[in-house]
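Read through the structure below, which is laid out as structure tokens, and then see the notes.
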Amino acid sequence: MKKREFQSKATTELLRRLAEVCAETRENPNITVTSKFHSSYFKLRKNGNLIKISVKQTGELSYQLMDMLETTGEEKIYYQYREGDNFEQVIGKFAADFGRLYRDFLVSGTLHGFDNINLSYGLDAGKELREYERYILECM
């Protein structure tokens, strides 16, 4: 799979998963999707908090988290395109991980104190989101 096709499929799958999350949570989403130079940028907002996800034509998948106090985590790379990888698996995990983060975000309504969440293709999202999800359960 070439980088452009990878970018297109990753964008399509992420958008599909985000729409599923909105239907599951019955939330009216505040999502902005833009495309520039064959790259796609998602901005997911709620209560002054922001998740930015970039799907770049270079094959880089990255994200940045900002809480309502404008405490910003640095932009982090989720995945960098490598020829020969199992791209369907990468795209599936990418959409699942960010779908899960987005569901948690919609339920909690905040990222305050959690702008350091570290998601990566090579990491277990469950382990990385455990503290955030524990916080959400305590608040409900």
Side-chain angles (χ1 to χ4, degrees):
M1 180 180 302
K2 301 288 185 199
K3 289 179 183 178
R4 278 251 181 103
E5 183 183 2
F6 173 78
Q7 182 269 339
S8 176
K9 287 185 177 192
T11 299
T12 301
E13 186 61 22
L14 178 60
L15 189 56
R16 185 192 66 73
R17 184 62 193 128
L18 295 177
E20 285 177 359
V21 168
C22 292
E24 290 167 13
T25 61
R26 296 180 184 203
E27 287 280 339
N28 185 9
N30 186 345
I31 299 174
T32 304
V33 183
T34 57
S35 183
K36 185 175 182 181
F37 305 116
H38 302 287
S39 295
S40 301
Y41 304 94
F42 294 77
K43 290 184 179 180
L44 316 173
R45 296 180 180 89
K46 185 166 184 181
N47 300 330
N49 297 269
L50 173 67
I51 299 173
K52 291 171 39 176
I53 305 169
S54 302
V55 183
K56 299 177 183 168
Q57 72 175 357
T58 61
E60 179 182 286
L61 307 175
S62 59
Y63 67 99
Q64 186 174 20
L65 308 175
M66 182 184 297
D67 72 15
M68 64 193 144
L69 301 176
E70 304 225 1
T71 304
T72 305
E74 62 186 31
E75 183 176 28
K76 298 176 185 176
I77 296 174
Y78 178 85
Y79 172 79
Q80 184 64 50
Y81 180 95
R82 288 182 299 274
E83 193 66 46
D85 280 356
N86 182 336
F87 299 116
E88 297 302 323
Q89 185 176 0
V90 171
I91 291 168
K93 185 173 184 319
F94 169 67
D97 287 353
F98 283 95
R100 182 173 175 175
L101 174 63
Y102 189 50
R103 183 182 329 104
D104 292 345
F105 176 62
L106 290 176
V107 169
S108 73
T110 187
L111 284 170
H112 185 61
F114 293 97
D115 58 5
N116 63 344
I117 293 170
N118 190 26
L119 296 176
S120 173
Y121 175 68
L123 296 176
D124 175 14
K127 184 177 178 183
E128 292 298 315
L129 292 173
R130 188 171 295 132
E131 182 181 346
Y132 186 43
E133 291 172 343
R134 191 172 329 148
Y135 165 79
I136 293 166
L137 288 173
E138 289 172 4
C139 292
M140 294 182 85

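Residue-environment remark: CG (Asn28) stays at or below the threshold of 12 foreign heavy atoms within 6.0 Å. Residue Glu75 qualifies as enclosed at atom CD: its count of foreign heavy atoms under 6.0 Å is above 12.
Annotation for Ser108 and Ile136: closest pair CB-CG1, 3.5 Å, computed over non-hydrogen atoms. The two atoms that bring Tyr63 and Ile117 nearest to each other are OH-O, 3.0 Å, heavy atoms only.
Qualifying ring pair (Phe, Tyr, Trp, His ring centres under 6.0 Å) partners for Phe105, counting only residues two or more places apart in sequence or in other chains: none. Residues satisfying the side chain to side chain contact (heavy atoms under 4.5 Å, CB included) test with Ser120, not counting sequence neighbours, are Leu123. Remark: Tyr132 engages Phe114 in a ring pair (Phe, Tyr, Trp, His ring centres under 6.0 Å) (not counting sequence neighbours).
Between the side chain of Asp104 and the backbone N or O of Glu133 there is no donor-acceptor pair closer than 3.5 Å. Distance alone, capped at 3.5 Å, places no donor-acceptor pair between the Ser54 side chain and the Lys56 backbone. The closest donor-acceptor contact from the side chain of Asn47 to the backbone of Gly109 lies under 3.5 Å. At least one donor-acceptor pair under 3.5 Å links the side chain of Thr25 to the backbone N or O of Val21. Here the side chain of Lys43 pairs no donor or acceptor atom with the backbone of Thr32 at under 3.5 angstrom. Using modelled atom types, one side-chain atom of Lys76 and one backbone atom of Asn116 make a donor-acceptor pair closer than 3.5 Å. When atom types are taken as modelled, the side chain of Asn49 and the backbone of Met68 share a donor-acceptor pair closer than 3.5 angstrom.
At a cut-off of 3.5 Å, with distance as the only test, no side-chain donor of Gln57 or Ser39 sits close to an acceptor on the other residue. Side-chain N/O atoms of Ser40 and Gln7 include a donor and acceptor closer than 3.5 Å. Using modelled atom types, one finds no donor on one side chain facing an acceptor on the other under 3.5 Å when comparing Tyr121 with Asp97. Between the side chains of Gln80 and Tyr78, no donor-acceptor pair of N or O atoms lies under 3.5 Å.
A distance of 8.0 Å separates CD1 in Ile51 from OH in Tyr102, rounded to the nearest 0.5 Å. Between atom CG of residue Leu65 and atom CG of residue Leu101 there is a gap of 6.0 Å, rounded to the nearest 0.5 Å. Between the OG atom of Ser62 and the CD1 atom of Ile77 there is a distance of 6.5 Å, given to the nearest 0.5 Å. Rounding to the nearest 0.5 Å gives a distance of 9.0 Å between CG of Leu14 and CG of Leu61. Here the straight-line distance linking atom CZ of Arg103 with atom CG of Leu106 works out to 9.5 Å at 0.5 Å rounding. The distance from atom OG1 of Thr11 to atom CZ of Arg16, rounded to the nearest 0.5 Å, is 13.5 Å.
We find that Lys9 and Glu5 are joined by a salt bridge, their nearest charged nitrogen and carboxylate oxygen being less than 4.0 Å apart. A salt bridge links Arg17 with Glu20; the closest basic N to acidic carboxylate O contact falls under 4.0 Å. Remark: Glu60 does not engage Lys3 in a salt bridge, criterion side-chain N to carboxylate O under 4.0 Å.
Phe94 and Val33 fall within a single hydrophobic cluster, where Ile, Leu, Val, Met, Phe, Trp and Tyr are joined by side-chain heavy atoms under 4.5 Å apart, directly or via other members. Residues Phe98 and Met66 do not share a hydrophobic cluster, defined by chaining ILVMFWY side chains whose heavy atoms lie under 4.5 Å apart. Note on Leu18 and Leu50: separate hydrophobic clusters, where clusters join Ile, Leu, Val, Met, Phe, Trp and Tyr whose side-chain heavy atoms are under 4.5 Å apart, directly or indirectly. The cluster map of Ile, Leu, Val, Met, Phe, Trp and Tyr, joined by side-chain heavy atoms under 4.5 Å apart, puts Phe87 and Leu119 in the same cluster.
Using a 4.5 Å heavy-atom threshold, the side chains of Cys22 and Ile31 count as touching. Here the side chains of Ile53 and Tyr41 are not in contact, with every heavy-atom distance at 4.5 Å or above.
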For this session: Before giving the answer on side-chain contact (heavy atoms from CB on, under 4.5 Å), spell out for His38 and Arg4 the whole-Å C-alpha distance, their side-chain angles and the decisive distance to 0.1 Å.
Result: CA-CA 8 Å; His38 302 287; Arg4 278 251 181 103; 2.9 Å; yes
